[in-house]
Each structure stands twice: as C-alpha cells, then as structure tokens.
Number of protein chains: 2
Amino acid sequence: MYSSELVKGTLKTIILKLLSESDKMYGYEITQKVKDLTGGKIQLTEGALYPTLHAMEAQGILTTDVVNVGNRIRKYYSVTQTGKKVATEKVNEFSDFIDTMIFLLDLKPKMG
Amino acid sequence: MYSSELVKGTLKTIILKLLSESDKMYGYEITQKVKDLTGGKIQLTEGALYPTLHAMEAQGILTTDVVNVGNRIRKYYSVTQTGKKVATEKVNEFSDFIDTMIFLLDLKPKMG
DNA sequence: ATTTATACCTAATTTTCTTAGGTATATAAA
DNA sequence: TTTATATACCTAAGAAAATTAGGTATAAAT
C-alpha cells in the first residue's frame, strides 16, 4: 500500500481508464479490479469512490444502469461520448506528467 | 501546466529530491528550479511550499540556515540525516508507484 | 451463529492545496 | 520617475479531495 498522499488525484484517471476498456463496471467491481491489477498496492476506498462516481455522472462523463442481481442492486457505470474524450485527455495528461516526474526525480523507467 | 489534482501529493518528494542533490536551497530557488526543469509544466505555489517546508523542518527532516543577502533574508534548507532516509524512501515509493500506474493505465514508458 | 464477502451509500473530519492577500528590496522598463 | 517585474519571505480563509467511520442489506462460508 502506497502512502495515501501519493495516490491522491489519480482516482478519476483510474476509473476512466478501466471503464473505457470494459463497456460497463459497477463500483465494487472497480475496487476489486484495481486491487487485483496492482497486487493490493492500490486499494480504492468506497468513501472516495462513490462520491466521485456520482460527481462524474452529474458531469455527464458517466451514465448508469441499475440492475437487480438476486435481491441486491448493482449500479453499472459506463463512459459517455463526452466521457471518452475526457478519458483520453486524462490518461494522456497523466502519461506526460509521469515523463516529467521521471526526468525531475531522475528515475530509470522500467522496460516493458 | 498540469491540472492541480495531478501534482497533489508530489510536493514533499520533489523538495526532498532537489535538496538531496544540492546541499542547500532556499524556497524561492526551489520554485524556480522546478519551473526550469519542467519547462513550466510544474509550478510550485508559495502558499503550498512554505507551510510544507516549515512542517518538514518541525519534523526534523530539514534544517535551516538564515542568511542576509544585501538587505533581504534568505532561508536555506538542507536535508538532515533523518531526512536523507525519508528522501530515499519517498523517491523509491514514487518510483514504484509510477511503475504500478504505467501498468494499470497501460502506458508505454519512454526511453531515456 | 458469526464472520466474511458482496454492494450500495453518507456525514464528519482531516489533509492538502489554492486563492488571495501582506511585507519588503532591487532592478528593469515606460 | 514612476511603475511593473523579479526576488524573497510569510499567513489565513476557503475549497477540494481524501480518510475515517459509520449505516443498510443479502449471500456465503466458517
């Protein structure tokens, strides 16, 4: 687990990237996928996630589709047309930011 | 200039890295060096910088040396022994975080 | 029967930053 | 010569974004 301050500011970018790849995901699913993909190094908290998802929906970046699974509700989120642009911009900006930080902190980028 | 939320959480790491390389720097100098090295893409605000420097001094990570330059004061900061450990930890953690984000967002790292 | 996992949510607090000032000297431009 | 820019420090109010710590409810595992 990284110190909380490090992960700050990356939440929207992470959400948008994951939702851009699979056409729909629900909140809990997002937390689990991020946990899996990062080996537990990044764990989104629900207190941060849900308000952010609601805000992004209000901004027209995401749309929702509420489904009943057994007796539980599940709220699927997907990226709108506008959201796709935002997603690309966010990811590109973050990519540029990483390059800048690698240079500034004199880090060796790993080979893929 | 990056969106402010992106740069959040990187301030201490940037300060510690720069101060670890030159034995002493003053606040204004740090803002200028970061601006220069990043081509203006990262511009530290004084309202964030000074309180952080003060906090890091209070925590024993930095020490100060106040000098008179003409009729102006200049407050030099340098990294303490404890601070050097923190600096290494912070930079390593950030480096690891970048690797994780590159994987999570499926970014292509640039060649150095 | 109780804990863990799933699945949603909110409210109070804390952390961290921005905004917007204030003080003061030195230099460059108009 | 006055005005703007650069240097150089600082703080306080407010905003933004997260954490912490709850609440509700079903399903599955211990």
Side-chain angles (χ1 to χ4, degrees), chain A residues 1-16 18-19 24-36 40-59 61-62 64-77 90 94 97, chain B residues 1-16 18-19 24-36 40 42-59 61-77 90 94 97:
Chain A
M1 276 276 281
Y2 300 117
S3 68
S4 70
E5 59 179 11
L6 255 194
V7 190
K8 281 181 186 178
T10 60
L11 183 55
K12 281 179 205 160
T13 308
I14 291 171
I15 292 171
L16 283 169
L18 293 188
L19 285 179
K24 58 174 180 167
M25 289 179 87
Y26 54 99
Y28 188 77
E29 190 184 4
I30 294 172
T31 65
Q32 296 310 301
K33 182 136 193 177
V34 170
K35 193 178 166 186
D36 282 0
K41 284 180 175 179
I42 298 178
Q43 275 168 258
L44 307 183
T45 59
E46 299 189 332
L49 179 67
Y50 289 115
T52 299
L53 287 172
H54 302 162
M56 290 169 89
E57 188 188 2
Q59 287 159 24
I61 295 169
L62 304 178
T64 55
D65 179 21
V66 180
V67 172
N68 284 301
V69 178
N71 291 330
R72 284 211 217 95
I73 21 162
R74 192 177 281 176
K75 204 167 172 181
Y76 280 99
Y77 288 87
K90 277 269 171 198
F94 193 79
F97 174 65
Chain B
M1 275 275 282
Y2 299 115
S3 67
S4 70
E5 57 177 13
L6 255 195
V7 191
K8 280 182 185 176
T10 61
L11 182 55
K12 281 179 206 162
T13 309
I14 291 172
I15 292 171
L16 283 170
L18 293 187
L19 285 178
K24 58 174 182 169
M25 290 179 87
Y26 53 99
Y28 187 78
E29 189 184 6
I30 294 173
T31 65
Q32 297 309 302
K33 182 136 197 179
V34 170
K35 193 179 166 186
D36 282 0
I42 298 178
Q43 273 168 260
L44 306 184
T45 60
E46 299 188 333
L49 179 67
Y50 288 115
T52 299
L53 287 172
H54 301 162
M56 289 169 88
E57 188 187 3
Q59 287 159 24
I61 295 170
L62 304 178
T63 37
T64 56
D65 180 22
V66 180
V67 173
N68 284 301
V69 179
N71 290 331
R72 286 210 216 95
I73 20 161
R74 191 177 282 177
K75 204 166 170 181
Y76 281 100
Y77 287 87
K90 277 267 172 201
F94 192 80
F97 173 65

Contact letters for nucleotides 19-28 of chain C, in which S counts primed atoms plus P, OP1 and OP2 and B counts the base, heavy atoms under 4.0 Å: B-----BS--
Can you measure A:Gln59 atom CD to D:dA17 atom C1' for me and round it to whole angstrom units? 13 Å
Find the distance between OG1 (B:Thr31) and CG (B:Asp36) and round it off to the nearest 0.5 Å. 9.5 Å
In this structure, how many angstroms lie between the C1' atom of C:dT10 and the NZ atom of A:Lys75, rounded? 13 Å
Under the side chain to side chain contact (heavy atoms under 4.5 Å, CB included) test against B:Glu29, which residue among B:Gln32, B:Lys33, B:Met25 passes? B:Met25
Mind checking ring-ring contact (aromatic ring centres under 6.0 Å, His included) for A:Tyr28 and listing every partner two or more places apart, or none if nothing turns up? none
Could you tell me whether the phosphate oxygens of C:dC8, OP1 or OP2, come under 4.0 Å of any side-chain nitrogen or oxygen in A:Tyr50? yes
Using heavy atoms to find the nearest nucleotide of DNA chain D for A:Leu44 and B:Glu29 separately, return the residue whose nucleotide is more 5′. B:Glu29
note: A:Tyr76, atom OH; C:dT6, atom C1'; distance rounded to Å ~ 12 Å
B:Tyr26: which residues meet the ring-ring contact (aromatic ring centres under 6.0 Å, His included) condition with it, sequence neighbours left out? B:Tyr76
Within this structure, what is the NZ-to-P distance between A:Lys33 and C:dT6, rounded to whole angstrom? 15 Å
Quick one: list whatever passes salt bridge (charged side-chain N to carboxylate O under 4.0 Å, His left out) with A:Lys41, sequence neighbours left out. B:Asp96
Does any part of the side chain of B:Val67, heavy atoms only, come nearer than 4.5 Å to the side chain of B:Ile73, both counted from C-beta? no
Within the structure, does a side-chain N or O atom of A:Tyr28 lie under 4.0 Å from either OP1 or OP2 of C:dA5? no
Considering only heavy atoms from C-beta outward, does the side chain of B:Tyr77 approach that of B:Ile30 to under 4.5 Å? no
Return the value, rounded to whole Å, for the distance between atom CG of A:Leu49 and atom C1' of C:dC9. 11 Å
Reckon A:His54 has a side-chain N or O less than 4.0 Å from the OP1 or OP2 of C:dT10? yes
Let me know the distance between CZ of B:Arg74 and P of D:dC10, rounded to the nearest Å. 13 Å
Rounding to an integer number of Å, can you tell me how far A:Ile73 CD1 sits from D:dT26 C1'? 11 Å
Sub-4.0 Å heavy-atom contacts from residues 3-15 of chain A onto DNA chain C, ordered by number: A:Glu5, A:Lys8
Measuring from atom CD1 of B:Ile15 to atom CG of B:Leu11, what distance do you get when rounded to the nearest 0.5 angstrom? 4.0 Å
Contacts of A:Thr52 and B:Tyr77 projected onto DNA chain D by closest heavy atom; the upstream (5') one is B:Tyr77
List in chain and number order the residues that pass salt bridge (charged side-chain N to carboxylate O under 4.0 Å, His left out) with A:Lys12, two or more places apart in sequence or in another chain; answer none if no residue qualifies. B:Glu5
